[in-house]
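Computed from a predicted model, the values in this text were never measured in an experiment.
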Amino acid sequence: MSRKPVPAQSGDRSRAELTFDRPQLMVQLFGEFDRNLLLIENRLGVYITARGNRVQIEGAAEAVAQARDVLTSLYNRIVRGEVIDTGLIELVITQSAEPTLAGIISAEASAPPSIMIRTRKKTIVPRTVAQAHYMRELLNNDIIFALGPAGTGKTYIAVAQAVAQLITGSIQRLILSRPAVEAGEKLGFLPGDMKEKVDPYLRPLYDALNDCLPAEQVERRIASGEIEIAPIAFMRGRTLADAFIILDEAQNTTPAQMKMFLTRFGENSRMVVCGDPRQTDLPGGMSASGLNDAVGRLEGVEGLSVCRFGSGDVVRHPIVGRIVEAYEGKDA
């Protein structure tokens with residue numbers, strides 16, 4: 001792709017033109033009925049016209065430069081095989097406004113991703129700098145704590161990495177666990193056997209698995225024991241070797257539960273502990289969160305890494321990031 005700057009108009013108005021090398025990708029870049037371009041226009045206050053594989057941007061000089069960088073980043077992501085959606089566009093716009101991130105994002109956008117995760121159903125590449133760091137840590141450390149708000153990809157990326165290693169045979173089992181703690185409401189008596197009683201708590205883990213593996217493979221691997229999904233209480237007394245072990249919603253563990261879980265670690269294993277320290281659902285009167293306690297005690301221990309995500313790393317619908325920011329500002 002080449003750039004052809006256009007001389008600025010009167011005042012601080014500016015105009016820039018982009019020419020993209022692969023016209024067949026313009027439908028993905030522009031979106032149906034140019035909705036991606038309209039989103040960028042509305043968010044940055046610029047005017048964009050598109051003809052074939054050429055795009056012209058007009059507006060304030062700073063906004064034009066930002067829109068140019070956003071379109072360049074999105075185009076390079078499409079070339080790499082990423083799917084462009086509203087959440088990703090919002091994320092790239094947000095990052096392009098951050099001086100500390102813009103240079104990094106611009107450099108990474110023009111080159112093939114240095115790290116990716118391949119599963120049966122999709123290839124996952126990092127969408128934020130924090131995700132890229134996290135994905136590298138998943139390869140380099142034995143125990144990883146992933147801390148941050150909902151929607152930052154903590155559990156999803158960990159499940160994808162575990163599935164990839166299960167497919168290649170570098171691990172023999174994938175173990176997914178979660179505390180069976182209600183998020184503020186009382187569910188009452190649940191009928192059925194033990195699996196049916198705890199499945200509602202573990203549904204998000206099934207969703208992540210089904211996004212990485214065909215449904216029949218998920219069922220077959222669960223039936224064979226290659227994939228195990230269980231509440232944290234089921235981990236007591238076990239040593240988990242040759243396994244990729246993920247604990248989700250770890251902020252809802254007690255310090256005793258967290259110590260029990262971490263000491264299940266066995267040979268040739270990897271353990272990922274995911275949670276949001278600011279969103280604890282432990283019943284009143286119980287001890288402090290085991291996640292906060294563990295990070296305070298263990299950060300800096302050799303072989304253990306702590307990855308932190310913020311509201312700027314949220315990759316769900318953009319309103320989720322704004323909600324997180326509003327709550328964090330209120331609590332600050």
_Determine whether R43 and V70 satisfy the following criterion, side chain to side chain contact (heavy atoms under 4.5 Å, CB included), listing intermediate values before the conclusion._
CA-CA 11 Å; R43 289 282 275 107; V70 168; over 6 Å; no
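- For the residue pair Q66 and E62, no side-chain donor N or O sits within less than 3.5 Å of a side-chain acceptor on the partner.
- When atom types are taken as modelled, the side chain of S224 and the backbone of R221 share a donor-acceptor pair closer than 3.5 angstrom.
- Distance check: N268 CG to S170 OG gives 7.5 Å after rounding to the nearest 0.5 Å.
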*Take N36 and L74 through the side chain to side chain contact (heavy atoms under 4.5 Å, CB included) test and state the conclusion after the steps.*
CA-CA 10 Å; N36 296 347; L74 292 173; 5.9 Å; no
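- Counting non-hydrogen atoms of other residues, nucleotides and ligands closer than 6.0 Å to OH of Y47 gives a total of 12 or fewer.
- Closest heavy-atom contact between Q172 and L166: O-CD1, 3.7 Å.
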Enumerate, atom names and distances included, each donor-acceptor pair closer than 3.5 Å involving a side-chain atom of residues 290-302, sequence neighbours excluded.
| from | atom 1 | to | atom 2 | distance (Å) |
| --- | --- | --- | --- | --- |
| D293 | OD1 | R297 | NE | 3.1 |
| D293 | OD2 | R297 | NE | 3.0 |
| E299 | OE1 | R308 | NH2 | 3.0 |
| E299 | OE2 | R308 | NH1 | 3.0 |

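- Note that CD of E41 is 5.0 Å distant from CD1 of I48, once rounded to the nearest 0.5 Å.
- Closest non-hydrogen pair, E249 versus Q251, comes out as OE1-NE2, 2.5 Å.
- Atoms CG and CZ, on L147 and R278 in that order, are 12.5 Å from each other to the nearest 0.5 Å.
- In terms of modelled atom types and a separation under 3.5 Å, the side chain of Q28 and the main chain of L25 share no donor-acceptor contact.
- The CD1 atom of I40 sits 4.0 Å away from atom CG of L71, with the distance rounded to the nearest 0.5 Å.
- No salt bridge links E58 with R13; every basic N to acidic carboxylate O contact stays at or beyond 4.0 Å.
- No donor-acceptor pair under 3.5 Å is formed between the side chain of N210 and the backbone N or O of D207.
- Residues A158 and L138 approach most closely at CA-CD1, 4.3 Å, considering heavy atoms.
- With a 6.0 Å radius and a threshold of 12 heavy atoms from other residues, nucleotides or ligands, K121 has its NZ atom above the threshold.
- Under the 4.5 Å side-chain criterion, counting only non-hydrogen atoms from C-beta, V79 is not in contact with D21.
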_side chain to side chain contact (heavy atoms under 4.5 Å, CB included) for F20 and L29? Distances and angles first, verdict last._
CA-CA 10 Å; F20 298 96; L29 179 62; 3.7 Å; yes
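- Closest approach of A250 to S289, counting heavy atoms only: O-OG, 4.3 Å.
- No side-chain heavy atom of R270 sits under 4.5 Å from any side-chain heavy atom of Q161.
- The local environment of CZ in R118 is sparse, with at most 12 non-hydrogen atoms from other residues, nucleotides or ligands closer than 6.0 Å.
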*asked:* The test is side chain to side chain contact (heavy atoms under 4.5 Å, CB included); show your working for K154 and F145 and say whether it passes.
replied: CA-CA 9 Å; K154 305 182 302 294; F145 284 87; over 6 Å; no
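- Atoms NE2 and OG, from H133 and S305 in turn, are 5.0 Å apart once rounded to the nearest 0.5 Å.
- Shortest non-hydrogen contact noted between I229 and L209 is CD1-CD1, 3.6 Å.
- The closest donor-acceptor contact from the side chain of T239 to the backbone of G266 lies at 3.5 Å or more, if one exists at all.
- Counting only distance, with no hydrogens or angles, the side chain of Q131 and the backbone of T152 share a donor-acceptor pair below 3.5 Å.
- Considering only heavy atoms from C-beta on, R173 comes within 4.5 Å of L240 through its side chain.
- The closest donor-acceptor contact from the side chain of N141 to the backbone of I143 lies at 3.5 Å or more, if one exists at all.
- For the residue pair E219 / Q217, no side-chain donor-acceptor distance below 3.5 Å is found, with atom types taken as modelled.
- Cluster membership for L44 and L38, using ILVMFWY side-chain heavy atoms within less than 4.5 angstrom, is not shared.
- Side-chain contact between R22 and I78 is absent, with no heavy atoms from C-beta onward closer than 4.5 Å.
- Using a 4.5 Å heavy-atom threshold, the side chains of I124 and Y156 count as touching.
- The backbone N or O of L213 lies less than 3.5 Å from no partner atom in the side chain of R120, so there is not a single donor-acceptor pair.
- Not a single donor-acceptor pair under 3.5 Å links the side chain of S269 to the backbone N or O of F265.
- Within the 4.5 Å cutoff, side-chain heavy atoms of V272 are placed close to those of F244.
- Annotation for A243 and I175: closest pair CB-CD1, 4.2 Å, computed over non-hydrogen atoms.
- Within 6.0 Å of the CD atom in E267, the count of heavy atoms belonging to other residues, nucleotides or ligands does not exceed 12.
- The OH atom of Y75 lies 5.5 Å from the CE atom of M26; values are rounded to the nearest 0.5 Å.
- Just one residue in the list S177, P179, C274 forms a side chain to side chain contact (heavy atoms under 4.5 Å, CB included) with D248, and that residue is C274.
- Listed for the S73 side chain is no donor-acceptor partner under 3.5 Å among the backbone atoms of D69.
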